[in-house]
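The next block holds one structure in the form of structure tokens; read it before the comments.
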Amino acid sequence: MVPRPHLNTIAVTIPTARLPIPCTASRCCSPYIHQAAAESQLISAIDASNGLLHARETHARLLRLGFRDSSFLLAKLLRRLAEHGIPMDPYPRLVFSQVRHPNSFLWTSLIRGYSLRGQLQQALLHFASMRRHESCGVAKSLGSGTQLHAQTIFIGGFNSDLYVQNTLIGMYVECGELALAHKVFDKMSVRDVISWTSLIVAYSRSGNMGLAGELFEQAPEKDTVAWTAMVSGFAQNARPRDSLTFFRRMKEEGVETDDVTLVGVISACAQLGAVMEAKKISDDLHRRGSHRGLVVGSALVDMFGKCGLIDEARRVFDAMEEKNVYTYSAMIVGLAAHGQAKDALKLFEEMVTKSSVKPNRVTFVGVLTACSHAGLVEEGHYYFETMWDRHAIVPSADHYACMVDLLGRAGLLEEAHALVNSMPGEPHGGVWGALLGACRIHGNAEIAEVAAESLFKLEPHAIGNYIVLSNVYAQAGMWEKVLKVRGLMRERGLRKNPGCSLMETKDGALHEFFAGDVSHPRTNEIKAALEELLGKLKVAGYVPNLSSVYYDVSDGEKERLLKGHSEKLALAFGILTTGVGQTIRIVKNLRVCDDCHSVMCFASSVAERKIVIRDNLRFHHFQDGVCSCGGFW
DNA sequence: ATAGGGTTAG
């Protein structure tokens, strides 16, 4: 299954960029030197080329010397040709078409050539064709040359051609030039649904759903694509409930939905953990027969994983004929979040050995978190090493964060700290955050202070860091320092995120509970059910964990605060609304505290329910008094 | 011909 880790030490290896190193003891490095020399000679020749004939000679030399695929040199040649006013057809166009994998620089040179000669339709056609190619993996970034070219066209007229204008908007959106996109839109005398949708997408991508929504309401015509842009826009901007609302509105108004629409809603359900809605969508897809498609399937794997139905995720995964890196990553990440580390690693091995799908950085985040949440330190080291050894992926700060988390959780705080200090590049908030989190678990106030100091500089408004540091102090009984951190928070105008738990009843209704919440219509019943449950749990041996309250108050007050935790309210409500043997599913926005965790363990056996909780990190499956997380959370 | 889609730590 999992290959033997070959690393036992906490090696702090600094990955270096793997450049081809031509020199060996037996072979001289001259071929490389020759090639570099040839390249620089060609550059000079291109720069010096005068007119078509000279350029053709240089081109021939370039081909002879084996540079037929050098986007860089050929782009230079194209630019030179354009500067000399040589018509784009046929020669420069031929130069371009001979390159098998043109990069965006070469594309830009071609487009620029056309636009400089006033052949704007041609320029746009090539622009459109470049965008089609980009989705096949060519560099996504558009050079400043392309932007320049667009402006040329913009100034040069064509404001009556709907197609040209729409293409321009699309291009500006891709360049992130929102204001310019809007300017083109404003100047248009005739707009169609594509113009409106392009602009809606532009605002949605910039995070401005308010304006996107206004445009949507104003648009005179709305088709499936326009509606879908809103549904996925809300999902991508972390507003899953609005996404669902729009989806429902769309159906009410009789607008056709398609696979793309459903992918948007799937993502919303994944964020919410809304199981009932998720199942409805999945059934819908089955009826359409498109549940096994590549994108839909990958989204479903992710959704079921995030809704706590990991077996269902696996079923979809196994049924898919075509899988890519999204599919595998979603499945691996899902298994990791459910604590099924061995399965996650096994799947990764299958991916590497049996499929032709190459893992990417996201896949490795999944693999490393799987190790971390299961305490598999040696395996984590092993996979971290293979990233660059075997898969040519240079670990990013995110991967270092995973390693710090892995070491830290396992109690190797010094090693984790050393890794932070020795990693290449500056550690970001995630890296320090992982270290701080580990300090909370192991009660190390000293290293926690170091981590927090960096975090307060890097992300002064991230409230969680203050809370965790203050909790570390509280655990150690350092109350004066707790007050100091609270003072700091007040100074910076930061307020604690209220704990919130979500429970979905069978009818698909979502019930929300906050800490100490009495606003639920059945609050009295819930309170009574909780009291009754806690009474039974105490008989079974449950003792309230008062050290989970990080306030310096009396024990009685601590117990009262513990009872108000949102997941306990959700649990009590769950017991009211389910029967013995059924599953209670809760989604929580923050980490589950130790006391709630132990209550869930006890309750799963005493109340004879399965309890599945998704917190901000992972899933806990409670059954017969035991949690699947094994203490790692 | 031009608009909407899936995986990421603490």
Side-chain angles (χ1 to χ4, degrees), chain A residues 121 124-129 131-132 161-171 173-174 192-202 204-205 219 223-233 235-236 257-267 270 293-303 305-306 323-334 336-337 359-369 372-373 396-406 408-409 428-441 451 455 459 462 464-465 468 591 616-618 633:
Chain A
Q121 286 285 15
L124 279 169
L125 277 174
H126 285 292
F127 174 71
S129 136
R131 294 209 299 184
R132 278 198 298 278
D161 187 320
L162 188 59
Y163 162 71
V164 169
Q165 297 301 307
N166 283 345
T167 305
L168 268 180
I169 294 179
M171 182 176 67
V173 172
E174 255 179 67
D192 65 3
V193 66
I194 295 179
S195 333
W196 284 91
T197 309
S198 300
L199 208 59
I200 288 169
V201 169
S204 156
R205 286 200 194 149
D223 60 6
T224 298
V225 178
W227 277 93
T228 303
M230 291 302 291
V231 171
S232 12
Q236 283 156 6
T257 60
D258 64 13
D259 283 5
V260 185
T261 323
L262 290 175
V263 167
V265 198
I266 290 171
S267 158
L294 182 59
V295 177
V296 169
S298 304
L300 281 176
V301 169
D302 175 55
M303 176 185 78
K306 292 202 166 107
K323 302 180 179 86
N324 66 6
V325 68
Y326 282 87
T327 329
Y328 275 100
S329 301
M331 194 65 234
I332 289 169
V333 167
N360 65 11
R361 22 189 307 147
V362 178
T363 322
F364 274 102
V365 169
V367 168
L368 295 177
T369 35
S372 167
H373 286 238
S396 69
D398 284 347
H399 300 107
Y400 277 90
C402 292
M403 286 306 288
V404 170
D405 185 55
L406 170 69
R409 267 179 207 285
H428 64 193
V431 178
W432 289 114
L435 188 62
L436 180 60
C439 291
R440 183 197 57 76
I441 295 169
L455 280 167
E459 33 191 56
N465 301 328
V468 176
R591 182 182 175 274
N616 56 347
L617 261 190
R618 60 168 300 155
W633 93 95

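Just so you know, these numbers come straight off a predicted model, no measurement behind them. We name chains A, B, ... by the order of the sequence lines, and we start the count at 1 in each one. When reading the values below, keep in mind they use all heavy atoms of this one structure, side chains included, and skip hydrogens, waters and symmetry mates.
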Indicate, yes or no, whether a donor-acceptor pair under 3.5 Å links the base of [N] to the side chain of [X].
X	N	answer
A/Asn465	B/dG10	no
A/Ser198	B/dA3	no
A/Asp258	B/dG4	yes
A/Tyr163	B/dT2	no
A/Ser329	B/dT7	yes

Using the test side-chain contact (heavy atoms from CB on, under 4.5 Å), find all partners of A/Ser198 that sit at least two apart in sequence or belong to another chain.
A/Ile169, A/Ile194
Could I get the full list of side-chain contact (heavy atoms from CB on, under 4.5 Å) partners for A/Ile441, not counting sequence neighbours?
A/Arg409
Got a donor-acceptor contact below 3.5 angstrom from the A/Ser204 side chain to the A/Ile200 backbone?
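Checked: no pair found.
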Any sub-3.5 Å donor-acceptor pair from A/Asn324's side-chain atoms to A/Thr327's backbone N or O?
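Side chain of A/Asn324 to backbone of A/Thr327, a donor-acceptor pair under 3.5 Å: yes, one is there.
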Do you know the tightest heavy-atom contact between [X] and [Y]?
X	Y	result
A/Asn616	A/Arg591	OD1-N, 3.4 Å
A/Val367	A/Ile332	N-CG2, 3.9 Å
A/Leu406	A/Ser372	CD1-CA, 3.4 Å
A/Ser195	A/Asn166	OG-OD1, 2.8 Å

Among [options], the nucleotide that comes nearest once only the side chain of [X] is considered:
X	options	answer
A/Glu459	B/dG6, B/dG10, B/dG5	B/dG10
A/Asp259	B/dT8, B/dA9, B/dG5	B/dG5
A/Val365	B/dT2, B/dA9, B/dG6	B/dA9
A/Ala330	B/dA9, B/dG4, B/dT7	B/dT7
A/Val225	B/dA3, B/dG5, B/dA9	B/dA3
A/Cys402	B/dG10, B/dG6, B/dA9	B/dA9
A/Val260	B/dT2, B/dG5, B/dA3	B/dG5

Can you tell me the distance, in whole Å, between the [atom1] atom of [X] and the [atom2] atom of [N]?
X	N	atom1	atom2	answer
A/Phe364	B/dT7	CZ	C1'	14 Å
A/Ile266	B/dT7	CD1	P	10 Å
A/Gln236	B/dG4	CD	P	10 Å
A/Asp398	B/dA9	CG	P	8 Å
A/Leu455	B/dG10	CG	P	14 Å
A/Met403	B/dA9	CE	P	16 Å
A/Ile200	B/dA3	CD1	C1'	9 Å
A/Asp192	B/dA1	CG	P	15 Å

Touch class at under 4.0 angstrom, heavy-atom based, for [X] against every strand present:
X	value
A/Val201	sugar-phosphate
A/Val404	nothing
A/Asn616	nothing
A/Gly430	base
A/Thr224	base
A/Ile169	nothing
A/Thr261	base
A/Lys306	sugar-phosphate
A/Gly334	nothing
A/Val173	nothing
A/Arg440	nothing

Quick check on [N]: is either OP1 or OP2 less than 4.0 Å from any side-chain nitrogen or oxygen of [X]?
X	N	result
A/Arg205	B/dG4	yes
A/Arg409	B/dG10	yes
A/His373	B/dG10	yes

